[in-house]
There are 2 protein chains.
Amino acid sequence: MTPSNAPTVYDVARLAEVSIATVSRVLRTPDAVKESTRERVLGVVRELGYVPSASARGLAGRRTGVLGLFIPGHEALESPAASDSQETGVRVVDDREGSRHRHRGFRADYFDELLRGAEVEAWRTGHALMIGAGRGDGSIDDLAGRVDGLAVVASTASDEAIERLSARLPVVLLAGGRHELPVDHLAVDNRGGMRAVAEHALRSRGPGAVLVLGGPHDSPDAEERRLGVRDALEAAPSTEVVHDDGLFVRERGRERTAAALADGPLGAVIAANDQLALGALDALQAAGVAVPGQCVVTGFDGVEEARLSRPPLTTVAQPMEALGRTAVRTLLDRIAEPRRPCQDARMPVTVLLRESCPPA
Amino acid sequence: MTPSNAPTVYDVARLAEVSIATVSRVLRTPDAVKESTRERVLGVVRELGYVPSASARGLAGRRTGVLGLFIPGHEALESPAASDSQETGVRVVDDREGSRHRHRGFRADYFDELLRGAEVEAWRTGHALMIGAGRGDGSIDDLAGRVDGLAVVASTASDEAIERLSARLPVVLLAGGRHELPVDHLAVDNRGGMRAVAEHALRSRGPGAVLVLGGPHDSPDAEERRLGVRDALEAAPSTEVVHDDGLFVRERGRERTAAALADGPLGAVIAANDQLALGALDALQAAGVAVPGQCVVTGFDGVEEARLSRPPLTTVAQPMEALGRTAVRTLLDRIAEPRRPCQDARMPVTVLLRESCPPA
DNA sequence: GCTTCGACTGTATGCGCTTACATCCCGGCG
DNA sequence: CGCCGGGATGTAAGCGCATACAGTCGAAGC
């Protein structure tokens with residue numbers, strides 16, 4: 001852990017002329033020690049700059065005081081040599097065209113808040129938080145060996161790994177994931193949120209068909225959102241609807257919207273995520289369709305780009321920060337009460353009405 | 001660490017009919033074990049879902065395999081009860097005015113990349129990264145007890161704490177900080193970057209005085225940037241210059257720019273950070289001064305807002321990701337060679353030319 | 001004056017792992 | 001045929017701390 005010096009309880013005990021047990025008590029249960037003794041020990045602690053070893057604490061106490069958060073890794077970042085050039089000097093570039101591609105995509109935008117929420121809650125409860133970025137089951141095992149509980153973003157780790165680890169420590173699965181696994185689940189209200197925004201879109205729509213961009217079939221999130229759309233459509237029976245399910249990417253939204261426009265006018269595009277909706281905006285603009293004048297558009301997720309698009313996108317914001325907090329709280333609850341039945345909580349979402357489908 | 005079960009080396013050893021030493025060797029130095037034995041042990045490991053305890057490993061091996069990154073805490077976040085309402089259901093809000101205040105400010109924008117760089121580099125070298133957010137010396141001590149080395153953003157921890165901890169483990173100080181401390185330092189080329197951008201501004205300036213917004217006097221960064229401006233001004237002797245040093249905040253930039261305009265026309269505003277420059281843009285716009293037509297403006301830092309302002313701000317981007325990587329590398333170097341003399345490295349910056357002071 | 005009790009402190013053990021050192025087993029050598 | 005060397009494995013000693021348990025001591029109770 002250190003050059004080799006680094007004082008230990010033994011050093012403190014010797015200088016303070018007490019036993020190591022007393023030193024430990026001063027740090028863990030101060031009230032159990034007479035004040036004069038306590039002051040003497042604390043004095044030595046300060047003098048020596050003593051800091052307890054978390055490893056030893058963890059081993060002796062059977063708990064590390066650390067919670068883990070496992071999120072998807074940044075695939076694009078495995079290009080190491082990129083900015084590796086250590087040359088000194090100042091570079092000057094023309095950045096007017098946005099020529100500098102900020103690679104802060106999904107993660108920065110999305111997990112940053114999750115992380116912050118988890119961190120705040122962990123801190124409030126006297127825990128440290130350790131972040132792991134997914135790159136195979138090896139890395140999650142490593143993380144698992146270091147923490148008292150683990151929050152895992154679904155689809156980041158294999159079912160097998162999650163099941164195996166859940167036998168060893170508390171695990172909470174975030175946002176979708178097979179619910180057969182014997183772990184706590186935490187997700188957002190995909191269905192309710194989608195229903196709400198879809199209802200609004202249907203009310204506000206222009207003449208023409210409704211295009212539903214449903215997202216991939218293997219995504220539990222997409223599945224729930226499709227159900228939300230169905231809920232909304234049931235209240236508007238005689239609507240002409242075009243369905244398309246496919247990847248959660250902008251290109252797909254653009255393509256299918258363009259294709260649908262070729263078949264006739266659209267009055268609304270309801271997309272299962274923001275990328276698809278942004279693609280739809282692209283296609284509508286290219287076709288000269290006014291948004292929201294002729295056609296309204298809605299997305300889901302509440303990513304930053306959706307706020308900055310033209311027009312700004314009506315979408316459903318996921319409460320990422322609250323998710324992070326609740327994940328930590330769920331872990332702590334389970335640590336406190338290991339045999340409690342598995343929870344399956346839903347966090348409420350917020351519909352953000354913006355120009356692409358404005359308030360009535 | 002767990003409900004109480006969780007297999008240990010002893011369990012694996014028993015089932016594989018070997019000693020715990022052999023189990024340990026299979027995991028740490030596989031080549032030292034006969035292949036048949038190794039396979040047998042690994043089989044049991046998989047079967048049991050065995051994961052080694054990092055605490056025990058850390059204690060026995062005198063190293064945790066974790067590096068720490070200590071960054072400023074999020075002050076604004078200490079408002080816990082805010083989104084604490086657990087009510088279910090979907091909320092709908094009008095977000096057209098940007099009514100949803102995204103609190104992703106300095107940190108998200110700035111430290112996220114630092115974090116990413118550190119994380120990638122740590123991972124590449126088989127280390128985990130633990131993030132600590134500054135809230136007093138207590139929290140940095142806690143972090144220090146858990147890691148093999150610590151990267152600290154300057155001004156996040158007290159000098160006293162840094163000095164104390166540096167006696168215990170390798171510490172690298174990021175971006176400014178008293179260079180008397182016996183630790184490795186890592187910073188960006190404030191002076192060179194500022195000189196480059198200032199030279200460009202002086203070349204491109206319109207008629208009128210040059211306003212230099214120099215930032216606070218107690219900031220080492222600001223001090224270096226002032227020197228950079230001086231360097232640039234030496235090459236343009238007969239320039240009329242107005243200096244102002246003050247807080248790194250937008251309001252200050254706005255005020256002082258307005259005040260300067262009241263005294264006569266400005267041909268350029270050179271600001272020591274982006275907030276000041278954005279404030280200057282505000283004032284120039286309010287006064288009807290065309291940017292860059294009549295007056296050019298430059299900032300420093302490369303925050304996201306600078307890219308989105310109108311006009312987009314010419315600024316100096318700090319290589320945060322590279323900083324993160326290098327910080328980790330510096331720690332590892334020192335861990336490998338504890339008595340090496342202290343380094344004081346500078347990372348190159350990049351001038352981003354945008355509309356507020358475009359390329360010639 | 002002796003027991004009782006509680007506040008305080010010391011003794012001793014073990015948490016799960018790594019690693020120096022001892023041991024064992026063989027093939028090869030003199 | 002005994003000895004040596006080295007590969008493979010076992011033995012045992014901690015790593016730094018928490019904590020159950022066992023004192024110790026003085027004041028209160030009888």
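In what follows, every chain begins at residue 1, and chains take the letters A, B, ... in the order their sequences are listed. The structure displayed is predicted, hence computed values, not measured ones.
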Inset, instruction - Kindly indicate, with the supporting measurements, whether the criterion salt bridge (charged side-chain N to carboxylate O under 4.0 Å, His left out) is fulfilled by A:Glu119 and A:Arg116. - result: CA-CA 5 Å; A:Glu119 216 254 59; A:Arg116 176 162 33 240; over 6 Å; no
Legend entry - B:Arg25 CZ - C:dA20 C1' separation (whole Å): 10 Å
Inset, instruction - Figure out the CZ/P separation between A:Arg63 and C:dG14, and round it to whole Å. - result: 23 Å
Inset, instruction - Select base, sugar-phosphate, or nothing to describe what B:Arg28 touches, counting heavy atoms under 4.0 Å on all strands. - result: sugar-phosphate
Legend entry - Of the listed nucleotides C:dG10, D:dG10, C:dC17, the one nearest the side chain of A:Thr22: C:dG10
Legend entry - B:Thr37 side-chain N/O to D:dT9 phosphate OP1/OP2 under 4.0 Å: yes
Inset, instruction - Remember a base hit wins even if backbone is also touched, and classify A:Thr8 as base, sugar-phosphate or nothing at under 4.0 Å, heavy atoms. - result: sugar-phosphate
Inset, instruction - Spell out yes or no: do the side chain of A:Tyr10 and the base of D:dC17 have one donor N/O and one acceptor N/O closer than 3.5 Å? - result: yes
Inset, instruction - Starting at atom CD1 of B:Ile20, determine the distance to atom P of D:dA12, rounded to an integer number of angstrom. - result: 11 Å
Inset, instruction - Please state how far atom NZ in B:Lys34 lies from atom C1' in D:dG10, giving the value in whole angstrom units. - result: 14 Å
Inset, instruction - Measure the distance from CG on B:Leu48 to P on C:dG16 and round it to the nearest whole Å. - result: 14 Å
Inset, instruction - Ignoring the backbone of B:Ala21, work out which of D:dA18, D:dG10, C:dG16 is nearest its side chain. - result: D:dG10
Inset, instruction - Take B:Val41 and B:Val12, measure what side chain to side chain contact (heavy atoms under 4.5 Å, CB included) needs, and give me the verdict at the end. - result: CA-CA 7 Å; B:Val41 171; B:Val12 176; 4.1 Å; yes
Inset, instruction - Please confirm whether the backbone N or O of A:Ala118 pairs with a side-chain atom of A:Arg325, one donor and one acceptor, at under 3.5 Å? - result: no
Legend entry - Side chain of A:Arg57 (C-beta onward), nearest among C:dT9, D:dG14, D:dC17: D:dC17
Legend entry - Nucleotide of C:dG16, D:dG10, C:dG10 approaching A:Leu59 most closely (side-chain heavy atoms): C:dG16
Inset, instruction - Looking only at side-chain atoms of B:Ser24, point me to the closest of C:dT18, D:dA8, D:dC17. - result: C:dT18
Legend entry - Distance, rounded to the nearest Å, where A:Arg146 contributes CZ and C:dC15 contributes P: 22 Å
Inset, instruction - Look at all strands and tell whether A:Val33 reaches a base, only sugar-phosphate, or nothing, counting heavy atoms closer than 4.0 Å. - result: sugar-phosphate
Legend entry - Salt-bridge present (B:Asp333, B:Arg329; N to O < 4.0 Å): no
